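Worth saying up front: this structure is predicted, and the values here are computed from it rather than measured. Chain identifiers are assigned alphabetically (A, B, ...) following the order of the sequence lines, protein sequences preceding nucleic acid strands; residue numbering begins at 1 within each chain.
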Amino acid sequence: MKIIKGKDLVYEYIKFTDEGEAEAKVRAVDGVEIEAEPGDFIAILGHNGSGKSTLAKHLNAILTPTEGTLYVDGKDTRDENSLWQIRQTAGMVFQNPDNQIIGTVVDEDVAFGPENMGVPVEELWKRVEKSLRAVGMWEYRSHSPNKLSGGQKQRIAIAGIVAMQPKCIVLDEPTAMLDPVGRREVIRTVMELNRTQHVTVILITHYMEEAILADRVMVMDSGKVILQGTPREVFSKVEFMREHRLDVPQVTQLAWELKRAGLDLPDGILTTEELADALDAIRGGE
Amino acid sequence: MSIQIEHLQYVYGAGTVFEKQALRDISLTIPDGQFVGIIGHTGSGKSTLVQHLNGLLRASSGDILVDGESIYQEGYSMKKLRSSVGLVFQYPEYQLFETDVFTDVCFGPKNLGLPKEEIEARARQAMNAVGLDESYDKVSPFELSGGQKRRAAIAGILAMKPKVLILDEPTAGLDPKGRDDILDMLADLHRESGITILLVSHSMEDVAKYVDRIIVMSKGSVLYDDRPAGVFAHWQELEKVGLAAPQVTYIMHELETRGWPAARDVTTVEEAKDAILNALHRK
Ligand SMILES: Nc1ncnc2c1ncn2[C@@H]1O[C@H](COP(=O)(O)OP(=O)(O)OP(=O)(O)O)[C@@H](O)[C@H]1O
Ligand SMILES: Nc1ncnc2c1ncn2[C@@H]1O[C@H](COP(=O)(O)OP(=O)(O)OP(=O)(O)O)[C@@H](O)[C@H]1O
Ligand SMILES: [Mg+2]
Ligand SMILES: [Mg+2]
């Protein structure tokens, strides 16, 4: 069974006047199909305001579709009786960690989610330790989350979701505030959950390098999915991506520029190794 | 406007169990008109440092001189300081509180006591600079997407026309085009008006491309202070403190280990392209 199955999804925000009358509608998601098998790793790219966060909020039923249907692990997200189960299936890490930090001490904050799910105490603290270690914040367990730096807070928020052991994790720009090593660690943590425990991962990001690790990349523009494919397929389209306010990883861009300057390089080079191999081949042939 | 930081120390929660020394003996001189990048691991003290420069935080010890005058001397006007040193916060949500975007962007210049036409002209210009057109005027800041909020927050500070502009991770959360637009806009502003710009960033690629000088913070101290190529030559040390070099720098290192001519100064795509074409005698 598909863990996520969304068909013809539409979402409209309704704006109200000061008098409380509906004034205007913003179609933030406009006819999206989204499907994921358990264990899939999907990256979603798209310009600011393209509807990524709005779509993501549907996956754990914070929002429900204005039109169309969405099933998460077989449950209709519009069915209020399934809300609890859907939230346990799909954990969400938001764009701004401040909005999701609740506890006054780091480990209590991380324990909050699983505790609410009724995880027994002994198991609970094991999970808290494991997830704090996974994000490299175990040493901060007795700190106050409010006094941590931006990036540190973000890792606590991720630990809180990891501790709930959901089947699916939706991450909405989880690395936007992290340093390069922190970014790599978070992505590695997420990849590991994906590879070893087959957690389905939906990763929204503006860092193109992070999307190369996904099985599939979805590109959104004005509420619609305008391109979908493997990272190589998607990042082969350098000009298309630029036209839609996006980019490609630096190594892909360099390869593309070199190709335009006359070098015989393939499209969609994604890693340093690939580029170096291709360049070696050219140099060897001279 | 020049800034001189002398032996700056800052301790959060002094005397409590959560006491935390965030800045240790920082001394830096930022001459008028420089475009400076500040990088450092999360929690290294970047935000703490820049919040001192417009008086939001007060040093535990040490001094800060703006155009040669200590901002801690008696009678120094903090209000004046804040109008000449503009700071765009790391989380823009905290900076947006008016009922609509246009009013919000007007807030800063309004506080400067400018005439209404001037306030509105500046707000319009600032919104244009960050790519928010008139259709956003009446939108509530709470209805904006993450990236749109950030643009609005930057516009609010730009509208005050500060002499020193400090941006704490202004491009986090922006789409790549928006990121390039904002950084290009800053580069233009820097070239045309000669203002001093301090850019705090987690994107090694961005600082490499735009700034003249990079200050590297680690655990509350300054680790390196050099031009980009000089800083990224320390890529191995940088990785130990949470950082990295731009991806192209790694490509050039990889090529060097494969017997290509060394090109250790490369930190941008443009430079890498030239170095590779040169090595292949295609230039
Ligand atoms: N609460 C809201 N009320 C009204 N409109 C909204 C609301 N939240 C978002 N929107 C609008 O819906 C559209 C999609 O927003 P969304 O937050 O999903 O974009 P996004 O792709 O996540 O963008 P970003 O990359 O900036 O985070 C935007 O035009 C935005 O202005
Ligand atoms: N209000 C506070 N109270 C106590 N400690 C704090 C407070 N704010 C920050 N700190 C601590 O001070 C240190 C420096 O924090 P700062 O926010 O300056 O880091 P930063 O370099 O800006 O990090 P980031 O890249 O994550 O934004 C960190 O260890 C942080 O935990
Ligand atoms: Mg978003
Ligand atoms: Mg900071």
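Distance alone, capped at 3.5 Å, is enough to place a donor-acceptor pair between the A:His47 side chain and the A:Ser222 backbone. Between the side chain of B:Thr249 and the main chain of B:Val266, a donor-acceptor pair closer than 3.5 Å is present.
Both the backbone and the side chain of A:Leu279 come within less than 4.5 Å of a heavy atom of chain B. Looking at B:Gln247, the atoms closer than 4.5 Å to chain A (heavy atoms on both sides) sit in the backbone and in the side chain alike. Residue contact with chain A, scored on non-hydrogen atoms closer than 4.5 Å, involves the side chain of B:Val139 exclusively. Heavy atoms closer than 4.5 Å to chain A are found in both the backbone and the side chain of B:Ile251. Heavy-atom distances place no part of B:Ile39 under 4.5 Å from chain A, backbone and side chain included. In this structure, no portion of A:Thr205 lies under 4.5 Å from any heavy atom of chain B. Looking at B:Ile276, the atoms closer than 4.5 Å to chain A (heavy atoms on both sides) all sit in the side chain, from C-beta outward.
Each of A:Met241, A:Glu273, A:Arg242 has some count of heavy-atom pairs under 4.5 Å with chain B, and the biggest count is that of A:Glu273. Contacts with chain B were tallied for A:Thr175, A:Thr271, A:Leu263; A:Leu263 has the most, counting heavy-atom pairs under 4.5 Å. If you tally non-hydrogen atom pairs under 4.5 Å between each of B:Gln148, B:Glu254, B:Glu169, B:Arg258 and chain A, the highest count goes to B:Arg258.
Under the side chain to side chain donor-acceptor pair (under 3.5 Å) criterion, B:Lys240 pairs with no residue, sequence neighbours left out. Scanning for side-chain contact (heavy atoms from CB on, under 4.5 Å) contacts around B:Asp181 gives A:Arg245, B:Lys177, with sequence neighbours left out. For B:Glu239, the side chain to side chain donor-acceptor pair (under 3.5 Å) partners are B:Tyr250, not counting sequence neighbours.
B:Glu19 CD: more than 12 foreign heavy atoms inside a 6.0 Å radius.
Side-chain atoms of A:Met208 and A:Leu45, non-hydrogen and from C-beta on, do get closer than 4.5 Å to each other.
Of the charged side-chain nitrogens involved, at least one lies within less than 4.0 Å of a carboxylate oxygen, so that A:Asp267 and A:Lys259 count as a salt-bridged pair. With respect to the salt-bridge test (charged N to carboxylate O, under 4.0 angstrom), the residues A:Lys52 and A:Glu173 do not qualify. Using a cutoff of 4.0 Å between basic side-chain nitrogens and carboxylate oxygens, B:Arg213 and B:Asp225 are scored as salt-bridged.
Donor-acceptor pairing under 3.5 Å is lacking for the side chains of B:Glu143 and A:Tyr13.
Residues of residues 204-211 of chain B having a heavy atom under 4.5 Å from any heavy atom of chain A, listed by number: B:Met204, B:Glu205.
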